[in-house]
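These notes concern the structure reproduced below.
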Amino acid sequence: MVAMKESLQGKKILLAITGSISAYKAPLLVREFVKAGAEVRIVMTESAQKFVTPLALQNTSKNKVIIDMFDDSIQERGSWHIHLAQWCDCMVIAPCSATTLARIAHGFADNALTALVLALSDVPCYIFPAMDTDMWLHPATQNNCDIVRSFGYHIIEPAHGELASGLIGIGRMHEPTEIVCLIAQKLQTEKVRIPALKGKKVLITAGPTYERLDAVRFIGNFSSGKMGFALAEYARNNGAEVILISGPVALKASTTIHRIDVESAEQMFVAVCDNFPSVDIAIFAAAVADYTPLHPATHKMKKEHLGETLSVSLKQTQDSLAWAGKNKKHGQYIVGFALETENDLEQGKGKLKRKQCDMIVVNNALTKDSGFGSDNNTITIVKKNDDISPFPHLSKSECAKVIFESIINDYASNEEL
Ligand code: CTP
């Protein structure tokens, strides 16, 4: 019991209640979780309200109960289901009706509860089915259980005993104290993995920029955006809230990444200035044009007017990374990239200092199957005090992993960052 209290202390439980007669025990379940030190947020289906009132659940949990996914009062920040799914340490569905089990098995997101199940990423989901014996033993329900287990969710078989129908058999929901003990044990033994970047806001720039020469032409570069997108996906998969500022690329990002599409260095700079102040980590992986035409033509330039040769005056663009370095606040971590063709390390060290970064990721444009357009990269991480870590030829996803591991390591060894 003591161990139970300890493992639930401060834990965030997302409790889901469905339309089964045993839902009448839900307020007791909430009370047991709260007594053990957990914070409980509740989602219930429409039909659960036939068996227990939202008011009783709101009073016991001290939190608003979600029933309607389109309820105005939960739309404030948008994507309420994503925020709630990322907030919790685990989801507990008790009782879970045969219908909700079927919906989960088949990926429905047609009510607030099932939408939340689909939005869970790294946290465990414990399902306590409760129904009449025949419904439980029906092949449809058992198949659905198999499917749900294959997603990695935990199904806790119902108890045997007296059922609401008066029959005796398997199908009873476990008693609230048993459920709380079981969840406490699970959380203790399975040690819920807290995503390393949970609670962190990350900004990433990616891709090339296009600098318009006239209405149909631009100065650009061969960047594909793959490195920046790999970083964005890694951060998102590890719990971060991600803002991805991307130049023109042909890549798709996960919908939970806040993507801002830009074209030019100037637009990228504006987007960085708008967003950098609120982030914890900023990684500048974009290949930004250093110069842009001074007087881009608004119409298509014509050869007959230009003659044999063409000279274009260019002006320097704003350097987003250097601006961020100058405006960096306590606790912010900045990473730049340096794509070089010679003296890589010296160039990287120079950029680290000049642009006031915490880390520069150096890569060489001439290395085989690395850099622009490739799925792979060969990087060296350069930090202050000549801290240099070369890595072998890796996929860009693996590069993203080693870059973030190095950042997380710095955060862990210097909480003040
Ligand atoms: N960078 C930026 N904005 C710019 C130019 C560069 O944010 N206008 C960032 C890049 O995203 C990268 C880092 O600065 O993280 C280094 O870019 P790079 O082009 O290698 O360096 P430059 O300072 O432009 O120097 P050079 O091109 O002369 O090597």
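Just so it is clear, the structure is predicted and the values come from calculations on it, not from any experiment. Heads up: numbering here begins at 1 and tracks the sequence. Just so you know, ligand 1 is whichever comes first in the structure, and atom 1 is the first atom listed for that ligand.
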Heteroatom distance test ([X], ligand 1): nitrogen or oxygen, under 3.5 angstrom:
X      : answer
Ala286 : yes
Phe284 : yes
Ala338 : no
Arg354 : no
Glu340 : no
Thr205 : no
Leu321 : yes

Test: ring pair (Phe, Tyr, Trp, His ring centres under 6.0 Å). Region: residues 54-83. Which pairs qualify, not counting sequence neighbours?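 Every candidate ring pair (Phe, Tyr, Trp, His ring centres under 6.0 Å) pair involving residues 54-83 fails, so no pair, neighbours aside, qualifies.
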Can you list every pair that meets ring pair (Phe, Tyr, Trp, His ring centres under 6.0 Å) and has a residue in residues 345-396, with sequence neighbours left out?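 Residue pairs passing ring pair (Phe, Tyr, Trp, His ring centres under 6.0 Å), neighbours aside: none found.
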Could you check which of Gln347, Gln316, Lys351 puts a non-hydrogen atom nearest to atom 18 (P) of ligand 1?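 Ranked by closest heavy atom to atom 18 (P) of ligand 1, first place is Lys351.
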Please work out which of Asn363, Asp290, Ile360 has its closest non-hydrogen atom nearest to atom 24 (O) of ligand 1.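 The option holding the nearest heavy atom is Asp290.
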Salt bridge or not between Arg212 and Glu263? Use side-chain N to carboxylate O under 4.0 Å.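 A salt bridge is present here (some side-chain N lies under 4.0 Å from a carboxylate O).
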Tyr411 six-ring centre to Lys200 NZ/CZ under 6.0 Å and within 45° of normal: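 Output yes; distance and angle both within limits.
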